[in-house]
Q: 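Structure below; questions to follow.
Chain letters run A, B, ... following the sequence lines, proteins first, then strands; residues in each count from 1. Atoms considered below: every heavy atom in the structure, side chains included; atoms not considered: hydrogens, waters and symmetry mates.
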Amino acid sequence: MTVRVRFAPSPTGYLHIGGARTALYNWLFAKAKGGTFILRIEDTDLERSKREYEALQIEDLKWLGITYDEGPDRPNPKYAPYRQMERLDIYARFAQELIDKDLAFYDFCTDEELEAMRTKAEAEGRDPHYEGKWRETKYRDEALARVKAGEKAAIRFRVPAKSYTLQDQVKGEVIYPVGMVGDFVIMRANGIPVYNYCCVVDDVTMDITHVIRGEDHLSNTVRQLMIYEALGKKPPVFAHVSLLIGSDRQKLSKRHGATSVHLYKDENYFPEALCNYLTLLGWSHPEEKDIFTKEEISSIFDTDRFSNHSAIYDLVKLKWVNGQHLRKFSNGELISMLKAMIPASHLFHSQTPEWMDKCVELLKQKVDFLSEMQPMMDQLIFGEGLELDDELRDILTWETTPKIIKFIGDELSKVSESFVTEAQLNVWSDFVKKDLGIKGKPLFMGLRAALTGRGHGPDLKFLIPLTPVSVIKKRISQLG
RNA sequence: GCUCCCAUCGUCUAGCCCGGUCUAGGACAUCGCCUUUUCACGGCGGUAACUGGGGUUCGAAUCCCCAUGGGAGUACCA
C-alpha cells in the first residue's frame with residue numbers, strides 16, 4: 001500500500017513555525033517512502049477561518065519548497081474536495097450511519113443545560129462528562145421524530161465504556177483509561193462537523209496511512225480511535241512529535257518573537273536554512289549531520305529518529321545555519337539572488353561579471369544573510385565616507401601614516417583606470433616598504449587607512465581591486 | 001482537580017528499545033589559542049549535562065517504582 005500523508009492546517013492566520021515543521025516532517029516522510037503528500041484545509045471554525053489565510057499559508061509552503069501532490073488547487077478526483085467546508089455532505093453521510101447504528105445520538109441540550117451539568121459535576125468532584133438524558137436509548141425515538149420534524153440538534157458520539165491503546169511511533173504504547181472522555185459532539189447543531197470527527201472521516205476517505213502531528217493532539221487521539229472503531233476502519237499509523245516552545249518553556253506564541261514563516265521570508269532567511277533548522281528541532285540525522293537540504297535527507301528520513309521532548313525555539317542557531325547555507329551556494333547562485341534583490345539603480349548592476357564574482361566571494365565570508373551583502377558593499381566598496389573610530393584615529397596618529405597617505409594620494413591622481421589592480425597595489429606596497437622604509441604593522445595599517453578610510457576590514461588585495469578609484473580618491477582627500 | 005505525555009551541557013541533541021565499549025559524543029553559544037600583520041571565514045582546544053530518591057543487577061544515563069518539575073488535553077476550537 002502506498003504511503004499517503006497530509007498536512008491539515010486551519011486557515012486562521014499565517015503559517016506558524018510549528019506548523020511549518022509538521023508540514024516538513026510529513027513532506028519528508030512522503031518523499032522517503034515514495035508516497036503522496038496532501039494538503040487539506042481544516043476550515044470548520046467559521047469564526048476564525050478566512051480564505052485569504054489559506055492563500056497566505058500556501059504561499060509560505062511554496063516558499064519553503066514544501067510542495068504537495070494533492071490539495072485544493074491540485075485535486076485528485078478520487079479524493080477531492082480538500083476543504084472541509086466543501087465536504088459537508090460526506091460528514092453528514094457518515095454521521096447518519098453512526099446514528100443509524102446507534103453509535104451516536106442527537107442531543108437537544110442547550111448551552112445553559114450543558115454548563116449547569118459541568119458546574120454540578122465539578123462541584124461534586126466528578127469529571128465534567130456529558131450526562132444529558134439524550135444518550136439513553138429510551139429517548140431515541142423521540143429524538144429521531146424531533147429531527148424529522150426539522151428541529152436542529154447536535155450529534156454526540158456515544159463513548160464506549162472501555163479503554164483504548166495507541167501504538168504511537170514516538171511515544172510508544174499509550175493507554176487511554178476507561179472514562180477518560182465523555183460523549184463528545186461530532187456534529188454541531190448547525191450541521192458543521194467538529195475537528196475530532198471530520199479529521200477521522202477525512203483521513204479515512206482520503207486513504208491516509210500515516211499521521212505525523214504535534215503531541216497536543218495526543219490526548220485527543222482517543223476520540224479519533226473510537227471513531228475509527230465505530231466506522232469499522234483501521235486507524236493510520238500515528239507519530240506525535242513534541243512541541244516547539246519559547247525560551248520560558250511556554251507554548252510558542254507571538255511574544256516569543258517571529259513565529260510566522262513569512263517574517264523569515266521578509267528577513268531574507270534562506271528557505272532551505274529554515275527547513276534545515278526546523279528539521280533539527282525534534283529530529284536527528286543518523287550521522288549527526290546538522291547542515292543539509294531537505295532533498296539530501298529525503299531518502300533517509302524516518303519517524304524513528306524523532307526526539308520525544310519539546311524543544312526551545314531559539315534564533316541563534318538558526319542564524320548560524322543560515323550562514324552555512326549561504327556559504328554553500330555557488331557564487332553564481334548568490335549573484336542571481338543579489339541581482340533580484342538589489343535596486344536596479346544600484347552600482348552593483350553596472351559591474352562586470354568578474355567583479356560580481358569576486359565581490360560575492362569576498363562578502364560571503366563576512367555575513368550570515370544575503371540581505372547584509374548590499375549594506376556591506378555600500379560601506380566597504382562604495383562608501384565614500386570614513387569610519388573614524390578609535391582604531392582609525394590611532395593609525396592616523398602614527399608618524400608614518402601621513403607619508404603613506406601623501407604617497408597613495410599622488411599615485412592615485414595618475415591612475416586613469418576605474419579600478420586599481422592587485423599588481424598595482426603590490427607595487428605601491430613595495431615602494432612604501434623599500435623607499436619610504438615603512439614596514440610591518442605601520443605599512444599594512446597605513447595602507448588600509450589611506451585606501452579604505454577605516455581601521456579594519458577585508459584583506460586589501462581582495463577589497464581594493466573591487467573599489468572604484470573615484471571612491472578611494474574621495475576617501476583619501478578627507479584624510480589629507 | 002482528573003487523564004495523558006516528557007525529563008542528558010545555557011540551547012538543539014547522540015546514547016536509552018537490545019544495561020558494561022560513557023572518566024557521556026556532536027552542534028550552537030561562550031572563553032582561549034592558531035591562521036589572518038586588521039575584521040570575518042576557517043582550524044585547534046577549554047568550561048559545561050545524565051532532575052532527586054529508592055529498587056533490580058556483579059554493573060544503570062540506559063530497566064522498574066515514587067517524588068519533583070515541565071507540557072498537553074479535559075469545548076457545539078483546531
Q: Give one of base, sugar-phosphate or nothing for A:Asn220, where a contact means two heavy atoms less than 4.0 Å apart.
A: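 Result for A:Asn220 = base.
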Q: Between B:U21 and B:C64, how far apart are the C1' atoms? Round to whole Å, please.
A: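 B:C64 and B:U21 have their C1' atoms separated by 25 Å.
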Q: With a 4.0 Å cut-off on heavy atoms, is A:Asn190 in touch with a base, just the backbone sugar-phosphate, or nothing at all?
A: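 Since no nucleic acid heavy atom lies under 4.0 Å of A:Asn190, the category is nothing.
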Q: Would you say the side chain of A:Arg213 lies within less than 4.5 Å of the side chain of A:Arg6, judging by non-hydrogen atoms?
A: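 Answer yes - side chains close enough.
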Q: When both hydrogen-bonding distances must be under 3.5 Å and the geometry is Watson-Crick or G-U wobble, what is B:C17 paired with, if anything?
A: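 Across any shown strand, B:C17 pairs with none.
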Q: Holding to salt bridge (charged side-chain N to carboxylate O under 4.0 Å, His left out), I want the full list of residues that pass it with A:Lys120, two or more places apart in sequence or in another chain.
A: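 Partners of A:Lys120 under the salt bridge (charged side-chain N to carboxylate O under 4.0 Å, His left out) test: A:Glu124.
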Q: What's A:Pro458 touching, base or sugar-phosphate or nothing? Going by heavy atoms closer than 4.0 Å.
A: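 The residue A:Pro458 makes base contact.
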Q: Under 3.5 Å, which donor-acceptor pairs do the side chains of residues 394-402 of chain A form with other protein atoms, sequence neighbours left out?
A:
residue: A:Thr397; atom: OG1; partner: A:Asp394; partner atom: O; Å: 2.5
residue: A:Trp398; atom: NE1; partner: A:Asp394; partner atom: O; Å: 3.3
residue: A:Thr401; atom: OG1; partner: A:Ile395; partner atom: O; Å: 2.6

Q: Could you tell me how far B:C58 sits from B:G19 if I compare only their C1' atoms? Round to whole Å.
A: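 About 12 Å, rounded to a whole number of Å.
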Q: What distance, rounded to whole Å, do you find between the two C1' atoms, one in B:C16 and one in B:A60?
A: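 It works out to 10 Å between them.
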Q: Salt bridge between A:Lys289 and A:Glu296, side-chain N to carboxylate O under 4.0 Å?
A: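 No salt bridge links A:Lys289 with A:Glu296.
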Q: Between B:A48 and B:U57, how far is it from one P atom to the other, in whole Å?
A: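 My reading of the P atoms in B:A48 and B:U57 gives 35 Å.
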Q: If you assign A:Lys439 and A:Ile192 each to the RNA chain B nucleotide with the nearest heavy atom, which residue ends up on the more 5' nucleotide?
A: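 Final value for this comparison: A:Lys439.
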Q: What I want to find out is whether A:Glu422 reaches A:Lys358 closely enough, with some N-O distance under 4.0 Å, to be called a salt bridge.
A: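 Judged by the 4.0 Å cut-off on N to carboxylate O distance, A:Glu422 and A:Lys358 do not form a salt bridge.
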Q: First contact, last contact: which nucleotides of RNA chain B are these for chain A, 5' to 3', heavy-atom distance under 4.0 Å?
A: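 Using the under 4.0 Å cut-off, the span is B:G1 to B:A78.
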Q: For atom C1', what is the distance between B:C12 and B:U74, given to the nearest Å?
A: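 B:C12 and B:U74 have their C1' atoms separated by 32 Å.
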Q: Using a cut-off of 4.0 Å on non-hydrogen atoms, how would the nucleic acid contact of A:Glu288 be classed: base, sugar-phosphate, or nothing?
A: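 It contacts base atoms.
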Q: Looking at A:Asp368 and A:Arg327, is there a salt bridge between them, counting it only when a charged N and a carboxylate O are closer than 4.0 Å?
A: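 Here A:Arg327 pairs with A:Asp368 in a salt bridge, since their nearest N and O are under 4.0 Å apart.
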Q: Which whole number of Å gives the distance between the P atom of B:G25 and that of B:C50?
A: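 Their P atoms lie roughly 13 Å apart.
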Q: With a 3.5 angstrom cut-off on both distances, give the Watson-Crick or G-U wobble partner of B:C63, or none if there isn't one.
A: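 WC or wobble partner is B:G55.
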Q: Considering every strand and a 4.0 Å limit on heavy-atom distances, what is the contact class for A:Asp127: base, sugar-phosphate, or nothing?
A: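 If one applies the 4.0 Å heavy-atom cut-off, A:Asp127 turns out to touch a base.
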Q: Between B:U13 and B:C34, how far apart are the two C1' atoms, rounded to whole Å?
A: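 To the nearest whole Å, 29 Å.
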Q: Taking pairing as Watson-Crick or G-U wobble with both contacts under 3.5 Å, can you name the mate of B:C2, or confirm there isn't one?
A: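 Paired with B:C2, as far as the under-3.5 Å criterion goes, is B:G73.
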Q: Salt bridge or not between A:Glu86 and A:Arg83? Use side-chain N to carboxylate O under 4.0 Å.
A: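 Counted as a salt bridge, because a side-chain N and a carboxylate O are separated by less than 4.0 Å.
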Q: Now, which nucleotide makes the Watson-Crick or G-U wobble pair with B:G42, with each of the two distances under 3.5 Å?
A: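 Looking at the geometry, B:G42 pairs with B:C34.
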Q: So what does A:Gln250 touch, heavy atoms closer than 4.0 Å: a base, only the sugar-phosphate, or nothing?
A: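 Answer is sugar-phosphate: A:Gln250 comes under 4.0 Å of backbone atoms only.
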Q: Please determine, for B:G10, whether a Watson-Crick or G-U wobble partner exists with both distances under 3.5 Å, and give it or none.
A: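 Here B:G10 is engaged in a pair, and the nucleotide opposite it is B:C28.
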Q: Answer with base, sugar-phosphate or nothing: what part of the nucleic acid does A:Gly182 contact at a heavy-atom distance below 4.0 Å?
A: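 The residue A:Gly182 makes no contact with any strand.
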Q: Check this for me: does any side-chain nitrogen of one of A:Arg146 and A:Glu142 sit under 4.0 Å from a carboxylate oxygen of the other?
A: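 Yes.
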Q: Just call it for A:Cys198: base, sugar-phosphate, or nothing, with non-hydrogen atoms closer than 4.0 Å on any strand.
A: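 If one applies the 4.0 Å heavy-atom cut-off, A:Cys198 turns out to touch nothing in the nucleic acid.
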Q: Could you tell me if A:Tyr277 and A:His325 have a donor-acceptor pair between their side chains, going purely by distance under 3.5 Å?
A: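 Absent: no donor and acceptor within the cut-off.
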Q: By the 4.0 Å heavy-atom rule, please label A:Arg156 as base, sugar-phosphate, or nothing.
A: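 Answer is sugar-phosphate: A:Arg156 comes under 4.0 Å of backbone atoms only.
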Q: NA contact type, A:Arg249, heavy-atom cut-off 4.0 Å: base, sugar-phosphate, or nothing?
A: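 If one applies the 4.0 Å heavy-atom cut-off, A:Arg249 turns out to touch the sugar-phosphate alone, with no base involved.
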Q: Which part of the nucleic acid does A:Arg213 contact within heavy-atom distance under 4.0 Å: base, sugar-phosphate only, or nothing?
A: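 It contacts nothing in the nucleic acid.
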Q: Scan A:Gln324 against the nucleic acid and name what it touches under 4.0 Å (heavy atoms): base, sugar-phosphate only, or nothing.
A: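 If one applies the 4.0 Å heavy-atom cut-off, A:Gln324 turns out to touch the sugar-phosphate alone, with no base involved.
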Q: Please classify the nucleic acid contact of A:Ile175 as base, sugar-phosphate, or nothing, using heavy-atom distances under 4.0 Å.
A: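 A:Ile175: backbone/sugar contact only, no base atoms under 4.0 Å.
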Q: Base, sugar-phosphate or nothing for A:Lys251? Non-hydrogen atoms, less than 4.0 Å.
A: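 A:Lys251: backbone/sugar contact only, no base atoms under 4.0 Å.
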